[in-house]
Each structure stands twice: as structure tokens, then as C-alpha cells.
Amino acid sequence: QEEEEIRRILFQLSGEVGKEAQEISETLQALASLDFIFARAALAGDLEATEPDLNDNGVLEFQAARHPLLKGHIVPIDVRLGDDFISLIITGPNTGGKTVTLKTVGLLTLMAQSGLHVPARTGARAAVYRQVFADIGDEQSLQQNLSTFSSHMTQIVRVMREADGHSLALLDEIGAGTDPAEGSALAKAIRGEL
């Protein structure tokens, strides 16, 4: 009898909640939206981030930009692309920050496109791209039996096939895994196509 009474009470309460299901669902959605807004604001505060100006003409400019995952003493970067030129080649010594720069540009671009503030100086500009491609790091595939260079070339061919004037392509160490002279020629050819 006790179990039956518990079941009856739960059935009655469930029915009462069910009558208000639409309102409860709407309230839950509103709370989720508010939680998302507050989470974005908290992240912006933690990163000392600013709201970027968005554009659809391929212009990005980040001054004093910092990769959000780096901690400690960070050397900020300044990057500009799209006003006077549409390609940017970054060169320098090993451990010079080239890969981190590419990752920072890609991540900040995606953060801006997701409605997040970016860890950069006020006045940042971020382009809204239809596609963002990145071939960064050693992507050697043991399952596909590809060498580092072959894997790299597979990704570059994919980017060149799919990228258009509304895409951001981030290619790290184009000539990695091959002879420097051949890598240089390859980089020039790719630059000529993009």
C-alpha cells in the first residue's frame, strides 16, 4: 500500500509538471542562454580580452595578441592580413614562435566567429571566413602509412582544392620533411596558387 501511495503521488506530481512542460522548457532555454553569456563574460575577464570588430572582407588585425592557453611570461604578437596583402609568410629561427603565431591567429579568428572576445589589444579586427584550414604540426599517419611529407602534402592538396577567397589557410612548414631547395620551390608554387 505504501508503494502504491508513493507511485500515485509521483504520478500526480509528474502530471502537474507535465502541464507546465512548455514554460519549464522555455525557462530552461533562457537560463542556458544566460549561463552562456555569463561564461563568455567570465572568459573575457580571465583572458583580459576585448571585443573585435568583425568584417566579411578578409581583414584581420590583432595587436598584442596572446594565445589563450599560454601561461606565464608571454610575448604578445602583432598580426595584420587582408588590407594591403592577402598572404603572409612568417620566417625565422627555430623556437621563434612561428607555429604559435599561426595557432594564435587561427584560434582568435575562430573565437571571434563564435562570439567570444579575443585576448588582444582594443581595436582588434577579425574577418569572418566561410572556412578555416590549418595544417600545423607533424601529422604523420601510421594507419595510412604516410610519411610526414606525404601527409603534409595530402593536407595541402585538400586545402588548395577547397579554399576560396573567403577562406583562411594556415600552413606550417610547407617544405618540412623534404630537401630545403625542393621545399622552397614547393612553397613558391603554393603561394602562387593561393
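Under the 4.5 Å side-chain heavy-atom criterion for grouping Ile, Leu, Val, Met, Phe, Trp and Tyr, Ile136 is connected to Leu168 within one hydrophobic cluster. Following chains of ILVMFWY side-chain contacts shorter than 4.5 Å, one cannot reach Val100 starting from Val132, and the two form parts of different hydrophobic clusters. Leu43 and Val118 fall within a single hydrophobic cluster, where Ile, Leu, Val, Met, Phe, Trp and Tyr side chains are chained together by heavy-atom contacts under 4.5 Å. No continuous path of hydrophobic side-chain contacts links Val59 to Tyr129 [ILVMFWY only; heavy atoms under 4.5 Å]. Both Ile90 and Val79 are members of a single hydrophobic cluster when ILVMFWY side chains are connected at heavy-atom separations under 4.5 Å.
Of the options Leu170, Leu60, Leu81, Val105, a side-chain contact (heavy atoms from CB on, under 4.5 Å) to Leu88 is made by Leu81 and by none of the others.
Contact annotation: the side chain of Pro68 approaches that of Leu108 to within less than 4.5 Å [non-hydrogen atoms, C-beta and beyond]. The closest side-chain heavy-atom distance from Met111 to Pro119 is below 4.5 Å. For the pair Arg125/Asp83, a side-chain contact is recorded, criterion being any heavy-atom separation below 4.5 Å from C-beta on. Contact annotation: the side chain of His67 approaches that of Leu107 to within less than 4.5 Å [non-hydrogen atoms, C-beta and beyond].
The list of side-chain hydrogen bond (donor to acceptor under 3.5 Å, both in side chains) pairs with a residue in residues 46-58, not counting sequence neighbours, is empty.
Taking each heavy atom of Phe85 and Ser87 in turn, the nearest pair found is CD1-O, 3.3 Å. Among all heavy-atom pairs drawn from Ala127 and Gln113, the shortest one is O-OE1, 3.3 Å.
Judged by distance alone, the side chain of Ser167 and the main-chain N or O of Asp164 form a donor-acceptor pair under 3.5 Å. Not a single donor-acceptor pair under 3.5 Å links the side chain of Ser25 to the backbone N or O of Ala21.
Judged by a 6.0 Å distance limit and a 45° cone about the ring axis, Arg40 is positioned over the six-membered ring of Phe36.
Counting non-hydrogen atoms of other residues, nucleotides and ligands closer than 6.0 Å to CD of Glu26 gives a total above 12. The number of heavy atoms from other shown groups lying within 6.0 Å of CD1 (Ile89) does not exceed 12.
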Verify side chain to side chain contact (heavy atoms under 4.5 Å, CB included) between Glu162 and Gln131, making sure each step is shown before the conclusion. CA-CA 9 Å; Glu162 297 180 24; Gln131 300 179 93; 4.2 Å; yes
Working note: Glu61 + Gln63, criterion side chain to side chain donor-acceptor pair (under 3.5 Å); need CA distance, chi angles, decisive distance, verdict. CA-CA 7 Å; Glu61 183 174 8; Gln63 293 184 349; 3.2 Å; yes
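Between atom CZ of residue Arg66 and atom NZ of residue Lys71 there is a gap of 10.0 Å, rounded to the nearest 0.5 Å. Rounded to the nearest 0.5 angstrom, Asp172 CG and Lys98 NZ are separated by 8.0 Å. If you take NZ on Lys103 and CG on Leu69, they are separated by 9.5 Å, rounding to the nearest 0.5 Å. Taken from CE in Met160 to CG in Leu171, the straight-line distance is 9.0 Å, to the nearest 0.5 Å. Interatomic distance, Thr104 OG1 to Ile77 CD1, rounded to the nearest 0.5 Å: 4.5 Å. A distance of 5.5 Å separates CZ in Arg158 from CZ in Phe133, rounded to the nearest 0.5 Å.
A salt bridge links Arg8 with Glu5: at least one charged nitrogen is closer than 4.0 Å to a carboxylate oxygen.
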